[in-house]
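Take a look at the structure set out below.
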Number of protein chains: 2
Amino acid sequence: MPKSTLFNLPEKKRKRITKTLVKHFAHKPYSEVDIEDIAQESNVSKGSMYQYFENKRDMYFYAITETLNKYLKVIEKIDFKSMSFFDYIKRGFEFYWKFLLNDRDAYLLMEKTALYNDSPYRKEVEKIYHSKSQEILKKIIIENQKAGFIRGDVNPETIMIFIDGASWNLKKAILKIAQEKGVPIHKLPKEVIESAQNEFLKLLENGIATKK
Amino acid sequence: MPKSTLFNLPEKKRKRITKTLVKHFAHKPYSEVDIEDIAQESNVSKGSMYQYFENKRDMYFYAITETLNKYLKVIEKIDFKSMSFFDYIKRGFEFYWKFLLNDRDAYLLMEKTALYNDSPYRKEVEKIYHSKSQEILKKIIIENQKAGFIRGDVNPETIMIFIDGASWNLKKAILKIAQEKGVPIHKLPKEVIESAQNEFLKLLENGIATKK
DNA sequence: CAGTATTGTGACTCATAAGTCATAATTAAA
DNA sequence: TTTAATTATGACTTATGAGTCACAATACTG
């Protein structure tokens with residue numbers, strides 16, 4: 001946990017530091033992140049960083065939880081009770097892209113946390129991601145199973161894992177398309193994203209098998 | 001690429017080194033792997049390691065490609081043209097677990113490379129890994145669309161992405177179960193793995209929506 | 001078996017970066 | 001305005017580990 005000094009800081013300064021932390025941990029493997037760099041980029045001395053945080057690990061976890069919380073705040077605004085599960089997923093994607101456009105680094109850090117994190121703290125980090133992000137999804141699935149929208153003959157945990165995995169891959173794929181075309185995602189034709197999403201939803205809803 | 005000296009080595013020695021490399025890169029993040037340790041464990045001096053390889057990166061890529069090739073050799077034996085898609089997936093899982101039991105470290109390295117790899121060479125590595133296994137998968141999907149087993153109204157690329165993501169996550173989840181129970185994966189009751197797989201196939205086949 | 005070539009070695013260099021700390025600057029309190 | 005408390009700083013310490021290299025051991029050759 002960051003020291004209290006961090007929270008005594010003027011808002012602006014703290015945000016600057018947070019942003020830089022997120023950026024650096026999003027773009028480099030843990031061991032290659034240099035606190036000195038972060039300090040400089042935040043217009044703060046390295047010594048100060050150690051006034052605000054216990055150590056590097058502390059900075060890393062702070063960056064991750066801040067990001068995750070920010071994302072959750074967005075996602076939790078969706079009132080899943082007022083819509084079908086598939087609309088919810090659709091809406092979730094929308095919010096997700098918005099989040100991504102607003103703060104690319106935050107997105108990258110989340111992606112890394114969920115997918116490739118290989119820091120010395122991988123297991124701890126995975127636990128945080130699971131409890132914060134996957135649990136919400138699971139809750140909604142259970143809710144929808146009760147309401148009869150989602151099949152009840154499969155473990156909600158499995159469904160959650162299924163969706164989480166597939167949807168991350170979709171996000172990745174869309175980013176890859178953008179990258180290959182050499183355009184930023186927000187310049188990717190809306191149809192491209194929408195059609196990918198719709199196909200994804202079709203598969204999610206009814207599976208890949210041919211229907212008679 | 002390793003230097004020629006590596007390949008002049010007696011088979012036994014080279015294998016010992018390879019095995020140690022795989023083990024270390026499988027268990028620790030790239031930056032925490034210490035060449036000195038590897039050298040010692042292989043009964044070789046650190047200096048020698050640098051006779052055989054250009055540098056650390058070289059050792060890493062050698063470990064990875066060796067492992068991948070070994071796995072592909074196994075996977076390519078499956079004659080996927082003669083079976084339905086769902087059998088293929090099932091068979092794929094089987095091979096995967098077998099590989100895991102036979103050569104744990106190799107398995108772990110593959111998993112890490114594909115799932116959490118966060119080395120400075122992540123993107124290069126991803127290219128090597130993904131293209132191969134995804135390509136095979138995509139081919140099979142197209143084949144099965146033609147044969148009428150898989151719906152034809154969705155882009156095969158999307159289906160591939162969907163399956164790839166979901167199934168990786170499933171593997172991850174099974175590993176997590178094992179970990180939570182504190183047992184190694186090969187001691188996990190067969191039913192646990194099988195039921196997870198079956199549920200996965202159900203979702204894949206018919207989707208998550210309630211069927212009337 | 002002398003001489004040449006190849007391979008093995010580990011002490012050493014060198015760069016890097018985490019974390020500390022004495023001191024300076026700033027702010028708050030009296 | 002003086003004093004006390006808090007916060008900022010960056011030079012310094014220290015640990016680490018990649019990569020080198022001069023020399024030793026071993027193998028090859030004629």
Side-chain angles (χ1 to χ4, degrees), chain A residues 1-64 118-122 124-125, chain B residues 1-64 118-121 124:
Chain A
M1 273 245 299
K3 298 182 184 170
S4 61
T5 46
L6 178 71
F7 302 104
N8 295 338
L9 249 37
E11 184 80 358
K12 220 176 155 186
K13 192 172 186 178
R14 208 193 74 237
K15 285 210 169 155
R16 202 170 59 231
I17 293 171
T18 309
K19 217 177 158 183
T20 314
L21 279 171
V22 169
K23 175 175 159 194
H24 283 244
F25 282 114
H27 282 94
K28 286 180 254 182
Y30 180 84
S31 63
E32 277 177 29
V33 171
D34 182 352
I35 308 305
E36 177 66 43
D37 287 351
I38 294 175
Q40 285 206 349
E41 209 173 310
S42 313
N43 290 323
V44 148
S45 75
K46 187 174 170 183
S48 292
M49 290 301 287
Y50 283 89
Q51 301 282 9
Y52 310 145
F53 300 94
E54 297 288 345
N55 47 34
K56 188 177 177 181
R57 179 190 178 282
D58 196 20
M59 301 178 204
Y60 178 59
F61 275 81
Y62 172 71
I64 286 181
D118 187 24
S119 77
Y121 310 110
R122 200 186 83 204
E124 287 173 77
V125 163
Chain B
M1 273 248 295
K3 299 183 184 168
S4 61
T5 46
L6 179 71
F7 301 106
N8 295 337
L9 249 36
E11 183 81 358
K12 221 174 155 188
K13 193 172 186 179
R14 207 194 74 235
K15 284 211 170 154
R16 202 169 60 231
I17 293 171
T18 309
K19 217 175 159 185
T20 315
L21 279 171
V22 169
K23 176 175 159 195
H24 282 244
F25 282 114
H27 283 95
K28 288 180 251 182
Y30 180 83
S31 65
E32 279 178 29
V33 171
D34 182 351
I35 308 306
E36 177 64 44
D37 286 351
I38 294 175
Q40 284 205 349
E41 209 174 309
S42 313
N43 290 322
V44 149
S45 76
K46 188 174 170 183
S48 292
M49 291 299 289
Y50 283 90
Q51 300 281 10
Y52 310 145
F53 299 95
E54 295 290 344
N55 47 34
K56 190 177 176 180
R57 179 189 178 283
D58 196 21
M59 300 178 205
Y60 178 60
F61 275 80
Y62 172 71
I64 285 179
D118 188 21
S119 76
Y121 311 110
E124 285 175 76

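The basis for the numbers below is simple: all heavy atoms, side chains too, and nothing from hydrogens, waters or symmetry mates. Computed from a predicted structure; not experimentally measured.
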Within this structure, what is the [atom1]-to-[atom2] distance between [X] and [N], rounded to whole angstrom?
X	N	atom1	atom2	answer
B:Leu9	D:dA27	CG	P	13 Å
A:Met49	C:dA17	CE	P	15 Å
A:Glu32	C:dA18	CD	P	11 Å
B:Ile17	C:dT9	CD1	P	10 Å
B:Asn43	C:dT9	CG	P	9 Å
A:Glu36	D:dT13	CD	C1'	15 Å
B:Leu6	C:dT6	CG	P	18 Å
B:Ile35	C:dC12	CD1	P	21 Å

Does a side-chain N or O from [X] land closer than 4.0 Å to OP1 or OP2 of [N], or not?
X	N	value
B:Asn8	C:dT6	no
A:Tyr52	D:dT7	no
B:Lys28	D:dG17	no

Give a yes or no on whether the backbone of [Y] and the side-chain of [X] come within a donor-acceptor separation of less than 3.5 Å.
X	Y	result
B:Lys56	B:Val33	yes
A:Lys13	A:Val44	no
A:Tyr52	A:Met59	no

Practice task
Would you give the length of the straight line joining atom CD1 of B:Ile35 to atom OG of B:Ser42, rounded to the nearest 0.5 angstrom?
Solution key: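 Answer rounded to 0.5 Å: 10.0 Å.
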
Practice task
Classify the nucleic acid contact of A:Lys3 as base, sugar-phosphate or nothing, counting any heavy atom under 4.0 Å across all strands shown.
Solution key: nothing

Practice task
Remember a base hit wins even if backbone is also touched, and classify A:Ser31 as base, sugar-phosphate or nothing at under 4.0 Å, heavy atoms.
Solution key: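 Nothing, no heavy atom under 4.0 Å.
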
Exercise for the section: Over 60° means perpendicular and under 30° means parallel, so classify the ring planes of A:Phe25 and A:Tyr30, tilted if in between. Expected result: parallel

Check every atom of [options] against the side chain of [X] and return the nucleotide holding the closest atom.
X	options	result
A:Lys56	C:dA18, D:dA8, C:dG8	C:dA18
B:Asn55	D:dA18, D:dG19, D:dG10	D:dG19
A:Ser48	C:dG8, D:dG17, D:dT9	D:dT9

Completion exercise
Hits for side-chain contact (heavy atoms from CB on, under 4.5 Å) against A:Glu54, two or more places apart or cross-chain, chain-then-number order -> A:Lys3, A:Asp58

Problem - Which residues share a side-chain contact (heavy atoms from CB on, under 4.5 Å) with B:Gln51, sequence neighbours left out - result: none

Would you tabulate the pairs of protein nitrogen or oxygen atoms and nucleotide nitrogen or oxygen atoms of nucleotides 20-26 of chain C closer than 3.5 angstrom?
none

